[in-house]
Number of protein chains: 2
Amino acid sequence: MAARKKTTAQSKPGYHHGDLRRALIEASLALIAEEGFSALTLREVARRAGVTHAAPYRHFPDKEALLAAVAEEGFRAMTTLMRERMDKESGPVERLSACGVAYVLFAVQHPAHFRVMFGPHFTKPADHAELAKEGSNAFGLLVQNIVQCQQAGVMLEGEPMPLAVMAWSQVHGLASLLVDQQLQEACKQGATPEQLAQFQTRLLIEGMGRPPQNG
Amino acid sequence: MAARKKTTAQSKPGYHHGDLRRALIEASLALIAEEGFSALTLREVARRAGVTHAAPYRHFPDKEALLAAVAEEGFRAMTTLMRERMDKESGPVERLSACGVAYVLFAVQHPAHFRVMFGPHFTKPADHAELAKEGSNAFGLLVQNIVQCQQAGVMLEGEPMPLAVMAWSQVHGLASLLVDQQLQEACKQGATPEQLAQFQTRLLIEGMGRPPQNG
DNA sequence: CCTACCGATCGGTAGG
DNA sequence: CCTACCGATCGGTAGG
């Protein structure tokens with residue numbers, strides 16, 4: 001055991017990465033997960049990736065660009081997970097539910113990604129067109145599910161947008177509370193994130209699924 | 001205009017505050033609101049309060065203690081606002097709705113407070129007993145409203161906790177999306193935060209208000 | 001509550 | 001992708 005040196009995978013100083021860009025992104029995620037956001041500096045990221053602190057500038061002009069790349073990747077992975085879960089269901093209500101559950105599970109499984117995606121990091125959103133597009137894609141999936149529920153006659157008619165924003169709020173709130181560790185006491189009854197998400201999604205659709213009683 | 005010096009309220013170096021503690025808290029909030037979280041350093045806070053960077057240590061042992069004071073104050077203000085809005089209503093459903101709307105409005109009106117209250121800043125929650133208590137008080141108000149709806153027979157029976165967590169998720173999600181500027185395009189239809197909160201709260205209670213159809 | 005000081009770290013760049 | 005360097009800022013403390 002004494003012989004086992006305390007080093008990261010590549011401690012050789014002159015090591016050349018095959019893909020430093022990827023290594024930097026992954027180092028960022030690990031750093032955020034382990035030591036929180038305030039610990040994220042380009043220098044520490046470089047250190048963890050096994051390069052000097054000047055190297056990252058070959059791939060990202062600044063920290064914001066690195067974070068944008070992390071966020072983009074996050075949105076793509078989240079969209080993929082939502083699609084996977086949706087594809088296992090056939091009915092529009094079940095597909096909408098699966099989409100929401102996937103949102104929450106992604107956040108719980110990738111908290112660092114989730115924080116970067118929705119944190120207030122990007123001073124000028126206009127500078128990150130690709131990122132905005134990935135975000136819209138994910139939201140579009142949700143809207144599409146809502147519309148299909150409406151067309152199937154199992155959801156309130158009219159503008160889909162307010163309903164989509166409501167569904168987004170629901171899953172985003174649960175995801176945020178879970179990621180930020182706010183549901184420790186309230187939920188130590190043993191409920192898993194998936195159970196919570198399924199319970200909430202079901203009641204949510206229940207509420208959106210009938211017109212208010214007349215009278 | 002040339003005569004108008006560019007100084008803050010107190011530029012006199014030796015100025016003695018009547019209440020430096022308050023001034024530090026308010027400087028923190030302004031700083032977060034104006035330049036984001038990463039700009040929050042004890043030195044900059046001291047600068048804005050018009051004292052040297054050693055002065056804050058007389059009131060707070062470190063940055064985390066300052067943030068805990070900000071968060072405590074936030075929870076107290078939020079609880080007050082929820083109570084005010086609830087007290088204008090008499091029916092349990094209306095009171096629950098008012099409580100949720102107040103949560104969202106507080107976040108929109110005090111985004112810096114909201115971010116501190118729910119951000120991942122407190123490494124050891126056990127070190128901040130007072131803060132935990134204020135948070136529980138606010139959540140308790142929500143649980144109490146749920147129970148009263150149940151007792152009035154207008155809400156699903158059984159464990160109130162899952163319903164309370166669901167309601168919290170709903171308003172927390174909407175509040176977070178608004179504070180983090182994520183609803184710009186989706187909602188430039190002109191809907192105000194209060195209208196969004198009221199719409200969502202109404203449908204939420206709708207969903208929690210009836211047992212699923214049997215069959 | 002201030003002055004003066006400490007070691008440490010950071011973002012960024014020149015030059016190879 | 002590295003070495004070497006820059007100015008700037010930070011948290012924290014001694015001593016008054």
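A, B, ... follow the sequence lines: proteins, then strands. Residue 1 opens every chain.
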Between the protein and nucleotides 12-16 of chain C, are there any N/O to N/O pairs under 3.5 Å, and if so, what are the atom names and distances?
residue: dG12(C); atom: OP2; partner: Tyr57(A); partner atom: OH; Å: 3.3
residue: dG12(C); atom: O6; partner: His53(A); partner atom: NE2; Å: 2.4

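For the side-chain contact (heavy atoms from CB on, under 4.5 Å) test, residues two or more places apart in sequence or in another chain that qualify with Glu44(B) are Leu31(B), Thr41(B), Arg47(B), Arg48(B). Checked against side-chain contact (heavy atoms from CB on, under 4.5 Å), His128(A) has the following partners two or more places apart in sequence or in another chain: Glu64(A), Ala68(A), Phe122(A), Leu131(A). For Ser169(A), the side-chain contact (heavy atoms from CB on, under 4.5 Å) test picks out Val165(A), Gln170(B), Leu174(B), Leu177(B), Gln200(B), with sequence neighbours left out.
Atom pair Glu64(A):CD and dC10(C):C1' shows a separation of 17 Å (rounding to whole Å applied). For the pair Phe60(A) CZ and dG11(C) P, the interatomic distance rounds to 15 Å; values are reported in whole Å. In this structure, Phe37(B) places its CZ atom 16 Å from P of dC10(D), rounding to the nearest Å. dT9(D) atom P lies 12 Å from atom CD of Glu35(B), rounded to whole Å. One atom, CD of Glu44(A), and another, P of dT9(C), lie 10 Å apart when rounded to the nearest Å.
Heavy atoms of Thr41(B) sit under 4.0 angstrom from primed sugar atoms or phosphate atoms, though from no base atom.
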(request) Apply the test salt bridge (Lys or Arg N to Asp or Glu O under 4.0 Å) to residues Lys88(A) and Glu84(A): give CA-CA distance (whole Å), side-chain angles for both, the deciding distance (0.1 Å), then the verdict. (result) CA-CA 7 Å; Lys88(A) 290 182 186 162; Glu84(A) 282 175 11; over 6 Å; no

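For DNA chain D, the stems formed by at least three consecutive Watson-Crick or G-U pairs, with both atom-pair distances below 3.5 Å, span C:1-16 with D:1-16.
Side-chain proximity of Arg47(B) to dC1(D), dC1(C), dC10(D): nearest is dC10(D).
Note: His113(A) and Phe75(A) fail the aromatic proximity criterion, with ring centroids not under 6.0 Å apart. Residues Phe37(B) and His121(A) keep their aromatic ring centres 6.0 Å or farther apart.
Judged by distance alone, the side chains of Gln198(A) and Gln195(A) never bring a donor and an acceptor atom under 3.5 Å apart.
Screening residues 131-150 of chain B for side-chain hydrogen bond (donor to acceptor under 3.5 Å, both in side chains), with sequence neighbours left out, gives Arg76(B)-Glu134(B).
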